[in-house]
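Only a predicted model underlies this, so the values are computations on that prediction, with no experimental measurement involved. Order of the sequence lines fixes the chain letters, A, B, ..., with proteins taken first and strands second; residue numbering starts at 1 for each chain.
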Amino acid sequence: MVRAVRGMRDVLPEEARRWRYVETRLLQVLLSHAYEEVHLPLLEATELFSRGVGEATDIVEREMYNLADRDGEGLTLRPEGTAGCVRALLQHGLLFNQTQRVFYSGPMFRYERPQRGRYRQFYQIGAEAFGFRGPDVDVELILLGRDFWRALGVEEQVELEINTLGSGTARGIYRDALIAYLTPLKNELDEASQRRLVKNPMRILDSKDPATQVLLRDAPKLPDFVDPEGKAHYDDLKEWLTEIGVPYRENPGLVRGLDYYTDTVFEWTTRSLGAQGTVCAGGRYDGLVERLGGRPTPAAGFALGLDRVVLLHQEVHETPQRQGKNQPEPNFAASADVYVCVLKEALAGDAMRVAEQLRIGLPGLRIRSHAGGGKLKSQLKRADLSGAAWAILISEEEMQEGRISVKFLREERAQQSLSPEALIELLQKQPES
RNA sequence: GCGACGGUAGCUCAGUUGGUUAGAGCACCUGGUUGUGGUCCAGGGGGUCGGGGGUUCGAGUCCCCUCCGUCGCCCCA
């Protein structure tokens with residue numbers, strides 16, 4: 001049997017129902033902040049990422065899915081969304097003398113060791129804001145995050161960490177100072193950190209190796225190198241967060257794996273997901289637009305890991321038992337809301353007509369009409385299994401009188417026989433999805 | 001890329017120091033009288049024991065390789 005390739009995941013109906021709910025909620029939040037949606041290609045020129053993300057990053061060095069187009073052009077399955085987003089806005093002149101706030105959603109690809117919450121094809125929702133220099137837009141992005149967690153009811157599980165990297169130049173100076181300090185101690189560093197010393201020294205700050213952490217105690221501190229403007233920016237940000245009432249934790253070790261970040265960086269993390277605890281992360285990247293050929297443009301954004309957020313949502317809101325009398329809102333367990341049955345097989349045509357009538361009268365409700373024949377008993381069994389709250393029964397006598405019966409599957413309530421119009425009215429009052 | 005652990009029915013798992021036709025629960029299908037689900041009862045279908053090789057009279061069980069998964073490292077969302 002041909003199996004899915006490693007790191008590629010199938011999302012089956014039960015999870016997909018939750019997935020759609022979560023994604024819909026998140027997109028609603030974005031729209032409520034008047035962010036505009038864009039759709040971007042999965043394939044980009046390889047150069048976009050080597051230039052945008054940074055040649056020395058792990059992503060570009062060994063995690064990208066590279067392929068050659070038929071004419072030999074180097075293509076890459078996007079490993080992240082920001083570079084492509086900037087490219088698209090630049091290409092169409094949307095960053096010229098104007099601001100933009102956009103979002104996108106879709107799969108990203110990285111060749112990593114698969115693990116729970118970490119797949120080679122994984123889904124991100126990204127939001128980016130261009131043309132805003134001040135920390136107000138940083139706050140806005142963080143607020144977006146808080147609204148996400150509230151919308152999903154997982155705010156208790158998530159916390160915010162922030163840090164500042166300072167301007168690009170300040171960062172460069174710090175980087176050199178760090179290298180100067182660590183180089184003589186090179187042999188005492190853990191293996192991974194030794195490699196990073198040349199390529200991406202700031203990431204050493206993230207090391208979990210105890211010996212390395214001891215060495216770092218006396219290392220130059222990033223905050224001491226942050227330029228006055230960067231410091232003011234950061235102070236403003238913190239003040240704002242406090243004022244608005246967004247709790248945060250400062251984490252001076254919070255660095256980014258992608259080269260383009262400057263000044264503010266932030267990360268929403270959870271302890272509920274094991275090692276893959278980062279659920280949403282972002283920050284400023286004032287240098288990227290210029291790096292990709294545009295005019296210098298301040299920018300900030302974040303990416304949210306949908307796979308992980310769905311997982312987190314699942315931890316907090318378990319799928320209820322199918323048979324429960326009071327279906328929770330929303331109803332993840334059900335694959336239909338209304339199930340149409342016939343008392344005689346010859347009535348199948350009438351059933352389809354009635355189902356269509358209901359679909360028109362009850363948009364939003366999932367109406368499934370029985371297929372495959374069988375006795376009423378087995379039809380009702382199907383109805384129950386579908387999770388539907390109502391079974392509709394079509395009988396010959398009632399059809400002649402222009403009535404149909406509704407049976408309440410999830411509450412103690414007598415079956416009713418009524419006209420289609422009355423039925424629609426009845427079900428309208430009880431939105432189930 | 002590194003380390004540890006795991007893989008038996010659709011799912012969760014049992015399977016004795018290697019020994020007959022590999023089991024359970026759940027799920028699924030059928031029946032328990034004509035047109036009423038969930039509970040109950042009876043019956044039924046379903047497994048190349050992840051794959052390949054080896055040891056052995058004999059392998060789900062032992063050994064090697066490989067694939068996949070989980071946890072951690074790493075990386076990051």
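Among the nucleotides B/rU36, B/rG37, B/rA77, the one closest to any side-chain atom of A/Leu376 is B/rU36. Listed nucleotides: B/rA77, B/rU70, B/rC74. Nearest to the side chain of A/Gln124: B/rA77. Among B/rC28, B/rC76, B/rG37, the nucleotide with an atom closest to any side-chain atom of A/Asp58 is B/rC76. For A/Thr278, taking side-chain heavy atoms from C-beta onward, the closest of the listed nucleotides B/rC76, B/rC68, B/rG35 is B/rC76. Side-chain atoms of A/Lys344 lie closest to B/rG35 of the nucleotides B/rG35, B/rG32, B/rC74.
Taking the six-membered ring for Trp and the full ring otherwise, A/Phe302 and A/Trp268 have centroids separated by 6.0 Å or more.
Backbone-only engagement by A/Glu63 is indicated by non-hydrogen atom pairs under 4.0 Å involving sugar-phosphate atoms exclusively.
Within 3.5 Å, no donor on the side chain of A/Arg203 pairs with an acceptor on the base of B/rC76, nor the reverse. Counting atom types as modelled, A/Arg308 pairs a side-chain N or O with a base atom of B/rC76 as donor and acceptor under 3.5 Å. One donor-acceptor pair, N or O on each side, does fall under 3.5 Å between the base of B/rU36 and the side chain of A/Gln415.
Remark: the backbone N or O of A/Tyr119 is not paired with any side-chain donor or acceptor of A/Glu112 at under 3.5 angstrom.
Of all heavy-atom pairs between A/Leu409 and A/Ala383, the closest is CD2-CB, 4.0 Å.
Where A/Arg116 and A/Gly277 each meet RNA chain B at their nearest nucleotide, the meeting point lying more 5' is that of A/Arg116.
In this model, the phosphate group of B/rA27 is not approached by any side-chain N or O of A/Lys381 to a distance below 4.0 Å at OP1 or OP2.
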Watson-Crick and G-U pairing of RNA chain B, under 3.5 Å, as dot-bracket with | and [ ]: (((((((..((((.....[...)))).(((((.......))))).....(((((..]....))))))))))))....
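Between A/Glu63 and A/Arg120 there is no salt bridge, since none of the side-chain N atoms of the basic residue sits less than 4.0 Å from a carboxylate O of the acidic one. The existence of a salt bridge linking A/Arg403 and A/Glu397 is excluded, since no basic side-chain nitrogen approaches an acidic carboxylate oxygen closer than 4.0 Å.
Note that CH2 of A/Trp390 is 9.5 Å distant from CD1 of A/Ile367, once rounded to the nearest 0.5 Å.
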